[in-house]
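Here's the structure, in structure tokens; my notes come after.
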Protein chains: 2
Amino acid sequence: MISRPTITQLASQLGVAPSTVSRAFTRPDLLRPDTVDRVLAAAKAVGYVPNNNARALSTGRAGAIGLIVPDIANPFFPPLIRAAQNHASAAGLSVFLADSDEDAEREERLIIAMAPQVEGLLVVSSRLPSTRLRELAGRYRLALINRDVAGTFRVLLDATSAIRAALNHLKELGHTRIAYVGGPERSWSNRQRRGAVEVTARQLGLHFTSYGVPPGTYEAAKALSRTVVGKGATGVIAFDDVLAHGLMGGFAEERIDVPGDVSIIGCDDALATQTFPALSTISFNVADATSAAIHGLTEHPSDATLPTARITFDGTLVLRGTTGPAREYSAFRK
Amino acid sequence: MISRPTITQLASQLGVAPSTVSRAFTRPDLLRPDTVDRVLAAAKAVGYVPNNNARALSTGRAGAIGLIVPDIANPFFPPLIRAAQNHASAAGLSVFLADSDEDAEREERLIIAMAPQVEGLLVVSSRLPSTRLRELAGRYRLALINRDVAGTFRVLLDATSAIRAALNHLKELGHTRIAYVGGPERSWSNRQRRGAVEVTARQLGLHFTSYGVPPGTYEAAKALSRTVVGKGATGVIAFDDVLAHGLMGGFAEERIDVPGDVSIIGCDDALATQTFPALSTISFNVADATSAAIHGLTEHPSDATLPTARITFDGTLVLRGTTGPAREYSAFRK
DNA sequence: TTGAAAGCGCTAACAA
DNA sequence: TTGTTAGCGCTTTCAA
């Protein structure tokens with residue numbers, strides 16, 4: 001932030017009032033078109049850029065939103081972050097990004113520190129307890145993504161129907177033993193997905209087993225792969241593509257063929273086709289969901305909190321190369 | 001940004017002057033310790049948080065830095081982004097993140113829009129022409145990462161020595177035909193790495209071929225894999241881990257064994273061990289490099305531009321599972 | 001050690 | 001359609 005032309009300098013140089021310059025930028029409709037042109041041209045010539053801080057101070061509107069994610073390195077988040085930036089900048093807002101590092105306390109500190117400085121906060125895949133989150137949403141302008149807390153403004157990527165489609169697909173291929181490999185326990189998506197797999201499996205008469213990979217990492221999933229298949233599951237649904245990929249890595253090492261020996265379906269469609277074989281998965285329209293959340297954040301800018309809302313987006317099953325006919329358990333047992 | 005207690009309110013509530021409250025936060029050394037305590041306690045009680053915008057306006061210091069990356073979804077950047085945030089927040093700064101989407105014009109617009117609002121800009125892997133970059137660095141406070149423009153403040157991850165080690169390693173394994181698979185043409189790292197491979201190959205008497213994957217994506221690299229190996233290369237160095245992984249994906253589809261048929265070494269160590277076999281690569285201390293850049297950005301906050309500097313960090317060759325003894329070319333030719 | 005007061009650059013009544 | 005003016009919340013001289 002080095003010194004630069006101010007609105008007053010530009011105004012006196014043009015022989016107009018500061019407010020005229022201001023209006024040329026914020027309410028050009030109030031000015032004669034040629035005045036606007038004159039001001040804008042002069043602004044460009046001297047390199048005048050409005051000072052956001054002064055503007056924010058004057059209007060009481062921060063001109064920015066905050067975005068908190070648990071782990072920027074997880075491939076699910078970058079597209080979301082990019083979508084958030086695009087939508088925010090279309091609304092004339094910049095975005096402060098922060099990473100909670102999967103740490104609930106850090107997440108709360110971030111919320112408290114950032115909230116007063118921004119128009120509102122997009123909190124994605126929160127790791128905070130629901131009661132805390134509800135409290136915070138009662139004090140600050142929070143829009144949650146992938147966290148279903150009653151009384152808050154939340155946008156949810158709902159995998160239920162896609163999971164039903166996935167299990168139907170596996171059943172048709174002859175799979176009878178299904179495993180779910182879950183991720184972070186604090187993740188709402190994880191609990192939702194596990195629940196959906198369990199319920200659907202029961203409805204379809206499929207044997208269901210659940211595993212957990214609390215750190216949610218590729219490595220941890222890989223380490224679990226032998227166990228999963230050793231217990232006889234031939235169809236596995238993973239919490240997300242990272243875990244699915246980790247399982248595939250483990251299977252590859254064990255010479256367990258995908259999809260010959262075991263079928264696997266991920267979630268989030270975050271790895272595109274960067275696995276071999278290409279991963280079947282559940283895809284969401286993250287951009288639309290993010291857009292909805294940003295809408296909520298920007299809609300009634302002067303309210304202290306966001307209205308209660310529950311907006312859901314369904315996922316779609318995307319079949320690629322990791323599902324195939326079931327093989328008999330014993331046929332590849334080691 | 002909802003209404004919240006101001007310094008004036010807090011002051012009158014405490015029966016002190018606003019400046020006293022201000023000093024309790026910014027220059028506690030000027031106050032009697034018990035005054036400081038009293039103010040801080042009251043601030044905490046009423047939930048007072050300093051208004052960054054007002055502070056920025058008053059001091060002329062933005063309290064934030066900007067960070068521009070070409071593609072947040074590329075796994076090289078998230079760790080860097082996280083490092084930037086950690087170092088910035090340690091210096092009391094927040095960070096505005098922006099993604100140029102590999103687009104030079106968009107990158108320039110971002111620089112011009114953000115620069116006036118922040119203490120300085122961290123521009124990573126710029127896609128702008130050097131002349132533009134030099135101009136911008138002469139006008140704004142820019143710290144470049146992975147872009148070597150004379151006269152600017154730049155921090156470089158230098159792969160040269162690690163590439164030398166890599167080729168020596170391949171040569172010892174009996175490889176004689178080396179290919180480099182490059183990424184974005186605008187990338188300095190790409191040009192540097194290609195040059196290092198070429199020079200070293202010549203010195204070691206190895207046959208060298210260069211390929212390019214301008215989009216720099218997994219998909220594009222995968223599509224190139226057959227060509228690379230068809231021309232007889234048995235050792236390949238990829239611009240980055242994403243391309244290396246893409247090549248591996250292509251090889252897997254073609255039933256070309258890694259490292260049995262072809263050895264491959266990536267760069268950036270961005271995929272950890274998320275490939276099968278685990279990828280040999282060149283690793284950099286991104287956190288230190290980022291720290292150096294942020295140091296530069298925060299050192300002389302009132303100067304209009306950063307001093308000229310060229311700070312380099314060498315990479316390290318990390319051998320994992322994708323390199324092995326060379327096989328005769330004809331042995332696996334299709 | 002603390003207070004009073006001016007001013008950072010901008011916006012938004014209100015007036016003209 | 002444009003100008004005047006009073007702050008927004010904070011920091012920072014200067015004075016006490």
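In what follows, chains carry the letters A, B, and so on, assigned in the order in which the sequence lines appear, proteins first and then strands, with residues in each chain numbered from 1. What you are looking at is a predicted structure, and each value in this text was computed from that prediction instead of being measured.
- Between B:Thr20 and C:dT2 there is no side-chain polar atom (N or O) within less than 4.0 angstrom of OP1 or OP2.
- Using modelled atom types and a 3.5 Å distance limit, the side chains of B:Asp288 and B:Asn285 yield a donor-acceptor pair.
- Atom CZ of B:Arg61 and atom P of C:dC8 are 18 Å apart (whole Å).
- Contact of B:Arg23 with C:dG3 (side chain to base): a donor-acceptor pair of N or O atoms is detected under 3.5 Å.
- For the side chain to side chain donor-acceptor pair (under 3.5 Å) criterion with B:Arg147, the lone passing option out of B:Ser130, B:Ser125, B:Ser189 is B:Ser130.
- Salt bridge status for A:Asp71 with B:Arg82: present, with a side-chain N to carboxylate O gap under 4.0 Å.
- Rounded to an integer number of Å, the gap from A:Ile7 CD1 to C:dC8 P is 14 Å.
- Put simply, CD on B:Gln117 is 18 Å from P on C:dC8, counting in whole angstrom units.
- As a whole-Å value, the separation of A:Arg27 CZ from C:dA13 P is 10 Å.
- Both B:Ala17 and A:Thr26 sit near DNA chain C, but only B:Ala17 has its closest nucleotide nearer the 5' end.
- Each of B:Glu105, B:Glu108, B:Glu102, B:Glu107 was evaluated against B:Arg127; a single residue qualifies, B:Glu102, per the salt bridge (Lys or Arg N to Asp or Glu O under 4.0 Å) test.
- Side-chain N/O atoms of A:Thr59 include none lying less than 4.0 angstrom from OP1 or OP2 on C:dC10.
- Base engagement by B:Ser22 is indicated by at least one non-hydrogen atom pair under 4.0 Å involving a base atom.
- With hydrogens and angles disregarded, a donor-acceptor distance shorter than 3.5 Å links the side chain of A:Gln117 to the backbone of B:Asn52.
- Within 4.0 Å of A:Phe25, counting heavy atoms only, lies no atom of the nucleic acid at all.
- At whole-Å resolution of the value, CZ in A:Arg4 and C1' in C:dC10 are 11 Å apart.
- Mapping B:Ser58 and B:Val16 onto DNA chain C via the closest heavy atom, the residue that lands nearer the 5' end is B:Val16.
- Going from atom CG of A:Asn52 over to atom C1' of C:dG9 covers 11 Å, rounded to whole Å.
- Protein atom CZ of B:Arg32 is 10 Å distant from nucleotide atom P of C:dG3, rounded to whole Å.
- Remark: P of C:dG7 and CG of B:Asn53 are 22 Å apart, rounded to the nearest angstrom.
- Reading DNA chain D from its 5' end, the first and the last nucleotide to sit under 4.0 Å from a heavy atom of chain A are D:dT1 to D:dG9.
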Taking distance alone, no hydrogens or angles, what donor-acceptor pairs closer than 3.5 Å link side-chain atoms of residues 87-98 of chain B to residues at least two apart or in another chain?
from: B:His87; atom 1: ND1; to: B:Ala83; atom 2: O; distance (Å): 3.0
from: B:Ser94; atom 1: OG; to: B:Gly63; atom 2: O; distance (Å): 3.4

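- Looking at heavy-atom distances under 4.0 Å, B:Val21 makes no contact with the nucleic acid at all.
- Under 4.0 Å is where a charged nitrogen must lie from a carboxylate oxygen, and between A:Arg106 and A:Asp99 no such pair does.
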